[in-house]
Amino acid sequence: MPTIWAIFTPGLMMTKKQSITITKRKNKPVRFCREIKNYLMINQIIAEGVADAVKILYQADVSPQEVQIQKTRKEFEGDLTVVVFPFSRMGRKSPEAIGEQIGKFLQENLQEVGFFNVIKGFLNVSLKNNYWIDFLIEKLAEEKFGISEVQEGKPVVIEFSSPNTNKPLHLGHVRNILLGDSIASILEASGRKVARVNLVNDRGIHICKSMLAWQKWGEGTTPETADKKGDKFVGDYYVQFEKQKKLQVKQKMLEGYSEEEADRESQLMQDAREVLKKWEQGDPETRSLWSNMNEWVYLGFDETYKRIGAGFDKIYYESDTYLLGRELVKEGLERGILYEKEDGSIWCDLSDKKLSDKLLLRSDGTSVYMTQDLGTAQLRFDDYHPDKLLYVVGNEQNHHFDVLKAILQKLGKEYAKDIIHISYGMVELPHGKMKSREGTVVDADDLIDEMRETAAETTRALGKIEDFSEEEANRLFETIGLGALKYFILKVDPKKHMLFNPEESIQFDGNTGPFIQYTHARIRSLLRKAAERGFKAPYLENVHDFDLLHKERQILRLLHDFPEILQQAADTYSPALVANYVYELVKEYNGFYQDTPVLREEDENKIRFRLALSEFTARIVKSAMQLLGIEVPERM
RNA sequence: GGUCGCGUAGCUCAGCUGGAUAGAGCAACGGCCUUCUAAGCCGUCGGUCGCAGGUUCGAAUCCUGCCGCGAUCACCA
C-alpha cells in the first residue's frame, strides 16, 4: 500500500465537511464542491480526476490507486506530477499528447487545478494560489496541524533502554533511548496510545562482580562519601573486578591453564559465582547489598534519563521476571510442542522455520535468556493486552527475536505476530567499535557535558547572549548541546550503522540540530517584532488571492506534507524521516527569509501573509522537533 | 561454512513501495551584513550509485551471481 493512502486513517481524515462528490463510475465530468476542507485529500482528488480522464478520454479503466502521483521536482514548474507513461498504450498516443489531454481535463474539471505543463511523460500540475492560501488560513487556526489526538484502545507497548546495572550508560544506550523515546512520541502523534517500558537487568553475574569488588575493596564507601554518581560508582567496582581478575587469569595461564579455564577457575570468578548463588538462595546480607548497589545505580540512571528527557510508564526488573517462562515451557512440553532430551533438557524444534533447535531449560532445570524473554513477553501481554509489542534492541539480536517469535508462535500465542523488533545499527567511532576493555567507551554523561560545553563556547564567541540572564544562558547551552547530539543521532536511518564522529557531532552548521533551532529562534524574533508593530495572529483576516512567490509556494508545499511524513515515520518507526523533513523545511525557509522582506514589505496583505507563513513554519518546526525530543528556543 | 544486513561525491548521510539531468551537509574555493538574528544566504569544484548479468518503455531502487565490510549461528545476557 503506498504511503500516500496510508494517511487516510481515522484520526486524520474527514475532520470537517465530507463534501467530495466524486462519481467514479458515471460518464460525466466530475465536480467538487467548493468547501473541500481536507487538504490531505489532494493526491486522491488528482488521482481520481486522472482515473476519470482516462475513462472518459480513452474508455479504459484505471483505479485511482494505480495512478502514480509524486511531488513535482524542484527544477520543474508545478506542485504534483502525474506519471503518464502507463496510459500511453490506452490512448495510443505519445506520452506528451496523453499528458496534454489529461492535463486539460483536470484543468477543466477540478477546481483546485490552475495550470499544467507536460515534459516527456510527466504531467506537472500546479494548484491554484488560493488552494495554498486557504490551506494556510485554515491550518493556522488549528492548534496542532498534523498531530492526532491519542485514541483510546489497545496500547502499543515499546521497550527501550534496557540497561545492565553494573555499568553507566554509554553512547550505544543513547542511540537506543533517543530512538525509543522519539518513536514513542511519533506513535502518539499519529494517534496511538503508547506505553513506554524499560526492562532493567538488575541481577546476574555482572552485578555480583561489582558487589564482590565493593565488599573486597570498597571500605564501606558510598556514592555520597565518594562524591560520585551512583552508576559510575558501581561501574568503577566492576572495572576493578575485571582488572584484578585479569591478573589472576594471567597467573593461572602461566600455570598451564587455557584462557577460558583460567577465567572460570580464577578465585574472583569462583567468589562471584558464590555471591550469585547466595543471591539466588535469598541470603539476606547479599540481598541487602544487592539492593543498595542497585539503588545507587538507579539514582544515577535517573539523572541521565532526566537530562536526556526520557521517561517510562513502567519499569520491569529482571529480578522479578527471570523465573518467568518456565510455566510456558512446561505447558509446551505437556502439549507435546516442545521435547525433552535424555539429559532432561528441554528444547524447541524449529526446523520447520529453518532455524536450529533452541534450548529452553537446562538439564538442571535452570532457564536461559530465551526462557525469560518468553516469560516477559507473556507478562507484558497480560499487563497491557497491547496492539503491538515493540522492542528497541540492537541488530545483533535479530536472530534472537526471530527465534523468540517462532517459539511463541509454536506455543500458540496469538500476540507473537504483534512482536516487532525495532532493530537498529551499531554506533561506531572513527577508530572502530566501542570496547570497554580498550577504554573507548563514550560515556553518556560525559558526552552531554561536552556537547553543552561546546554549545556554551560557540554561543559566547558569537556574542549571542549579551542580554541573557545566567539562568537563561545555561538553559540555552543545554538546549543547544542536547539538540546537536539528538539530531546528529536521530537523523540517520535507525536500521543503519552509524558513525559517531565527536568532532562532527558538535558542528552547528548545515544539517544539524542547532541550525534548525536557530531558524526557529529567528522566526520567533521576527514575530515579536511584528507584534510590536501591531501585527497579531492569525494575521490573515482579509488577505485575498495574490501571486505567491516561488519560495512561498515551496514552503507551503513542505508544510502541507507534514502529516504524511509523520504517518510514514510512524509506519516505519523512523525518526530520521522527521529529522530530514524538518531540515528541508528550515532550509527552504531560510532561503525565503534571506531575500524576501517581511516587515519591510510595503503591501500590508503581503506582510500579513508572510507573517502567517512564518508563524506556521515555526510551529511545524517546533512540533517536528518535539517528536525528536528536541527543544527549540525562543532566542539564540 | 550457513543465515541476515550493508556498499551512493574526499568524509557523513538522503534518495531505495521502479520514473525526469542521482541530492544535502561537512571539507576546499569565491561572493553577500548602514535593512526582519551571518549558528544565515548564493555560487564553484566534486559521482562508471561495489562489479557483472537479467527483468522493464524506464533500474541507485526489483532479481541472480561475484567482490568487500559487518552481525549472527551459546546449556552468555
Exercise for the section: On the 0 to 90° scale, with breaks at 30° and 60°, tag the F401(A)-H421(A) ring pair as parallel, tilted or perpendicular. Expected result: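 Parallel: the ring planes of F401(A) and H421(A) meet at under 30°.
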
Exercise for the section: Would you please classify the geometry between the W279(A) ring and the Y322(A) ring as parallel, tilted or perpendicular, with 30° and 60° separating the classes? Expected result: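 Answer is tilted, since the angle falls between 30° and 60°.
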
Please classify the nucleic acid contact of [X] as base, sugar-phosphate, or nothing, using heavy-atom distances under 4.0 Å.
X	result
D509(A)	sugar-phosphate
Y583(A)	sugar-phosphate
Q517(A)	nothing
K464(A)	base
F515(A)	sugar-phosphate
P95(A)	nothing
A521(A)	base
L499(A)	sugar-phosphate

Under 4.0 Å from OP1 or OP2 of [N]: is there any side-chain N or O of [X] that close?
X	N	result
Y369(A)	rA77(B)	no
K529(A)	rU37(B)	yes
R73(A)	rG23(B)	yes
K433(A)	rA71(B)	yes
R522(A)	rA38(B)	yes

Using purine N1 to pyrimidine N3 plus N6-O4 or O6-N4 for Watson-Crick, or N1-O2 and O6-N3 for G-U wobble, both under 3.5 Å, which nucleotide pairs with [N]?
N	result
rU72(B)	rG2(B)
rU56(B)	none
rU44(B)	rA28(B)

Looking only at atom [atom1], what distance separates [N] and [M], rounded to whole Å?
N	M	atom1	answer
rC26(B)	rU72(B)	P	36 Å
rA71(B)	rC62(B)	P	24 Å
rG25(B)	rA14(B)	C1'	10 Å
rC13(B)	rC49(B)	C1'	14 Å
rC41(B)	rG46(B)	P	23 Å
rC69(B)	rA28(B)	P	32 Å
rU61(B)	rG7(B)	P	11 Å

Compare the minimum distances between each of [options] and the side chain of [X], then state the nucleotide with the smallest one.
X	options	value
Y593(A)	rU12(B), rC76(B), rC36(B)	rC36(B)
R600(A)	rU35(B), rA20(B), rC76(B)	rU35(B)
H399(A)	rC41(B), rA39(B), rU72(B)	rU72(B)

Exercise for the section: To the nearest 0.5 Å, tell me how far T479(A) OG1 sits from N474(A) CG. Expected result: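 Answer for the OG1-CG pair, T479(A) versus N474(A), is 10.5 Å.
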
Handout entry: Residue from E472(A), K464(A), E466(A) passing side chain to side chain contact (heavy atoms under 4.5 Å, CB included) with F468(A)
Key =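 The side chain to side chain contact (heavy atoms under 4.5 Å, CB included) with F468(A) is passed solely by E472(A) among E472(A), K464(A), E466(A).
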
Exercise for the section: Answer yes or no as to whether rA20(B) has its base stacked against F76(A), where stacking requires a ring-centre separation under 5.5 angstrom and planes under 30 degrees apart. Expected result: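 Yes, F76(A) stacks on the base of rA20(B), since the ring centres sit under 5.5 Å apart and the planes are within 30°.
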
Practice task
Return the 5'-most residue of the pair T72(A), N201(A) with respect to RNA chain B, ranking by each residue's nearest nucleotide.
Solution key: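 Final value for this comparison: T72(A).
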
Practice task
Taking syn as within 90° of 0 and anti otherwise, name the glycosidic form of rC33(B).
Solution key: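 Classified syn.
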
